[in-house]
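Each remark here refers to the structure printed beneath this line.
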Amino acid sequence: MYKLLLALRYLFTRYIAMASIISVMLGVATMIVVNSVMSGFTSEMQNRIHGILSDVVLESQSLNGFPDAKAHMDKVRQIAGDSIAGMTPTVYVPAMLNFRCGDDWVTRQVQVIGIDETTQGNVSDFGKYLQHPANRSQMSFQLRDSGYDTVDHQGGDDAVLRPQLAAAGWKHRRLMAETRKFQEKLVQPDNAPKDPFAQANVVDTNVVDPAKDQFPGAVVGIALASYRTPEGEDRFLALPGDDITLTFPNAAEPPNVPKAVGGRFTIVDFYDSKMSEYDSSFIFVPIKELQNDRGMFDRTTGTRWVNSIQIKLKPGVDGDMVRNQLIRAFPPQFYRVQTWRDKQLAILSAVSMETTILNILLFLIIAVSGFGILAIFFMIVVEKTRDIGILKSLGASGQGIMTIFLSYGLALGLVGSGMGMVLGLLIVKYINPIADFVGWLRGAKIFDPSVYYFYKIPTLRDPWTVTWIVCGALAIAVFASVLPALRAARLHPVEALRHE
């Protein structure tokens, strides 16, 4: 009992111990906050990456692709049928985007993805990031009348306003058609030749009345057609209902010469994943339209070509195992098989390395507090040498004296790490209001959504991570008290009583 009483007395009467407690507390709190934020970033990033990529991707080495997607999917089912939850064929091709904004033409480099609207939702969370609620439940490349979200609900309490989307859809398309007809009548009489530049951009030979019909639908990455004002409102250069032109290489094989082909499409929705890499480059179109425009079909047999098959696995299935099975079955000179992690290995590895380095650096902060505990304990042993001699002369053993100081170190660790855990979890819970308050004090946002992927600081509290941080701090505090405890235990009672 005397061991516990003395340890508690040292803890509450020596104010210098507060320095060690505070250092342990701040180290633990910092590690919890950093790990929670980094885990949140990693989780959100993986969810968004996985939202467009299926678990495993079988793709051709050439943009021309391979014929008969159904035969390839049947072969995949023979190899890993019990592990597969769904599959869908896709076509990827780099392209150039053109659309009209007022009197100017906007040109962007993009990645066009041909998808099957009926099966794409079976292999990814593609529909989750669309701006029309009906498309989120069942994707359609038909232009909607109205009902597009005018508020970015993924932004949380400070959701970004998008008032222009209130008029998007057929209402906007008909209005723009009437406006253009009126402008043409003002500029040119009915018998005058049309604008040759505008005609040059019409690739599709079919006659489409914009007031009644649409070109094949296209879902455009929202960053391709919008910008954010200083007031935090999204403004759009093009809306659902506007037409765009896509130009891309054909699927010619020798002796035919590759050339640029294209087609006209109508924007039917926006894709907003909060991943700038995707939102600023991806355009989704019907797979059959892209195959027709590129010539990815056999006119004799009617067989169509694709250059990618997206494979969704059942929960709990090891993607690496399925990938390795498919690699052995498909010749690597013609096919490439990757998991979604393989395709984004660079960015995921970079985030993992940053987290590891930060943990090492921050753990050194707690280690520094351990040296503080070591110095304080040596000072206490010197100061309390006579007291130790009295205890030993009264019958206290060396082990008992050592237990006092080890208990003192454990108490410092428990108090410091416990306070740090509470402080860290509170900061994680209220990190966004704290960031907003600090930003208000500085006069500038700390977490700018235009720089980062997300509108709010994402956090993820992992009980296992919190546990090892707290246990690590306790271990450092106890180990730092071992040497002073050994010195106190080895003091001779007579020499200790003679100590001045």
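Within a 6.0 Å radius of CD in Gln109, other residues, nucleotides and ligands contribute 12 heavy atoms or fewer. More than 12 heavy atoms of other residues, nucleotides or ligands shown are found within 6.0 angstrom of CE on Met73. More than 12 heavy atoms of other residues, nucleotides or ligands sit less than 6.0 Å from atom NZ of Lys343. Lys171 NZ: 12 or fewer foreign heavy atoms inside a 6.0 Å radius. Within a 6.0 Å radius of CZ in Phe479, no more than 12 heavy atoms belonging to other residues, nucleotides or ligands are found.
You'll find the side chain of Val106 reaches within 4.5 Å of the side chain of Arg108, heavy atoms only. You'll find the side chain of Arg461 reaches within 4.5 Å of the side chain of Lys429, heavy atoms only. Considering only heavy atoms from C-beta on, Leu246 stays 4.5 Å or farther from Met96 through its side chain. Looking at Val306 and His72, their side chains never come closer than 4.5 Å, going by heavy atoms from C-beta outward. Counting only heavy atoms from C-beta outward, the side chains of Asn135 and Ser140 approach each other to under 4.5 Å. Put simply, the side chain of Leu410 reaches to within 4.5 Å of the side chain of Leu474, judged on heavy atoms. Counting only heavy atoms from C-beta outward, the side chains of Lys314 and Ser83 never approach each other to under 4.5 Å. No side-chain heavy atom of Leu326 sits under 4.5 Å from any side-chain heavy atom of Tyr335.
Taking all atoms of both residues into account, the shortest heavy-atom contact from Gly147 to Pro133 is O-CD, 3.3 Å. Nearest heavy-atom pair across Pro240 and His172 is O-CD2, 3.8 Å. The nearest pair of heavy atoms linking Val24 to Ala473 is CG1-CB, 4.1 Å. Residues Gly424 and Ile32 approach most closely at C-CG2, 4.1 Å, considering heavy atoms. Nearest heavy atom pair, residue Phe141 against residue Ala218, reads CD2-N, 4.0 Å. Residues Thr118 and Gln138 approach most closely at CA-NE2, 4.4 Å, considering heavy atoms.
Under the 3.5 Å distance criterion, with hydrogens and angles disregarded, a donor-acceptor pair is assigned to the side chains of Ser124 and Gln120. With 3.5 Å as the limit, one finds no donor-acceptor pair spanning the side chains of Ser308 and Glu59. In the model, Gln131 has a side-chain atom that pairs as donor or acceptor with a side-chain atom of Arg162 under 3.5 Å. There is a side-chain donor-acceptor pair under 3.5 Å between Asp279 and Ser273. Asp462 and Asn35 form no side-chain donor-acceptor contact under 3.5 Å, judged by distance and modelled atom types alone. Glu354 and Thr356 share no side-chain donor-acceptor pair at under 3.5 Å.
A side-chain donor-acceptor contact under 3.5 Å links Gln164 to the backbone of Phe236. Not one N or O on the side chain of Arg144 forms a donor-acceptor pair closer than 3.5 Å with the backbone of Val268. With hydrogens and angles ignored, the 3.5 Å screen pairs no side-chain donor or acceptor of Ser39 with any backbone N or O of Ser36. Judged by distance alone, the side chain of Gln111 and the main-chain N or O of Phe282 form no donor-acceptor pair under 3.5 Å. In this structure, Trp170 contributes its side chain and Gly241 its backbone to no donor-acceptor pair below 3.5 Å. Of the possible donor and acceptor atoms, one in the side chain of Ser281 sits under 3.5 Å from a partner among the backbone N and O of Glu277. Side-chain atoms of Ser54 come within 3.5 Å of backbone atoms of Ile311 as a donor-acceptor pair (strictly under, hydrogens ignored). Lys75 contributes a side-chain N or O that, together with a main-chain N or O of Ala329, makes up a donor-acceptor pair within less than 3.5 Å.
Looking at Asp318, Asp55, Asp342 one by one, the single match for salt bridge (Lys or Arg N to Asp or Glu O under 4.0 Å) with Arg323 turns out to be Asp342. For the side chain to side chain contact (heavy atoms under 4.5 Å, CB included) with Met31, the qualifying choice from Asn359, Leu358, Val470, Leu26 is Asn359, the only one to do so. If you run side-chain hydrogen bond (donor to acceptor under 3.5 Å, both in side chains) between Arg136 and each of Asp125, Asp269, Asp149, only Asp149 comes through.
To the nearest 0.5 Å, atoms CG (Leu97) and CD1 (Ile283) are separated by 4.5 Å. Taken from CD1 in Ile476 to CG in Leu412, the straight-line distance is 13.5 Å, to the nearest 0.5 Å. Atom CG of Leu165 sits about 11.5 Å away from atom OG of Ser146, to the nearest 0.5 Å. Expressed to the nearest 0.5 Å, how far CG of Asp320 lies from CD of Gln338 amounts to 11.5 Å. Atom OG1 of residue Thr88 and atom CD1 of residue Ile115 lie 8.0 Å apart, to the nearest 0.5 angstrom. Taken to the nearest 0.5 Å, the OG1 atom of Thr90 stands 6.5 Å off from the CG atom of Asn307.
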Start with the C-alpha gap between Met139 and Leu130, add the side-chain angles, then the distance that decides, and say whether side chain to side chain contact (heavy atoms under 4.5 Å, CB included) holds. CA-CA 9 Å; Met139 172 59 198; Leu130 301 181; 3.5 Å; yes
Might you work through the side chain to side chain contact (heavy atoms under 4.5 Å, CB included) test for Val337 and Val57, ending with a clear yes or no? CA-CA 6 Å; Val337 185; Val57 181; over 6 Å; no
Set out, in order, the CA-CA distance, both residues' side-chain angles and the distance that settles side chain to side chain contact (heavy atoms under 4.5 Å, CB included) for Val76 and Phe330, then state yes or no. CA-CA 10 Å; Val76 170; Phe330 291 91; 4.0 Å; yes
Quick one, Arg328 with Gln325, criterion side chain to side chain contact (heavy atoms under 4.5 Å, CB included). Give me CA distance, side-chain angles, the key distance, then yes/no. CA-CA 5 Å; Arg328 291 191 292 267; Gln325 291 176 339; 3.7 Å; yes
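A distance below 6.0 Å separates the ring centres of Tyr271 and Phe284. Ring centers of Phe270 and His132: at least 6.0 Å apart, outside the cut-off.
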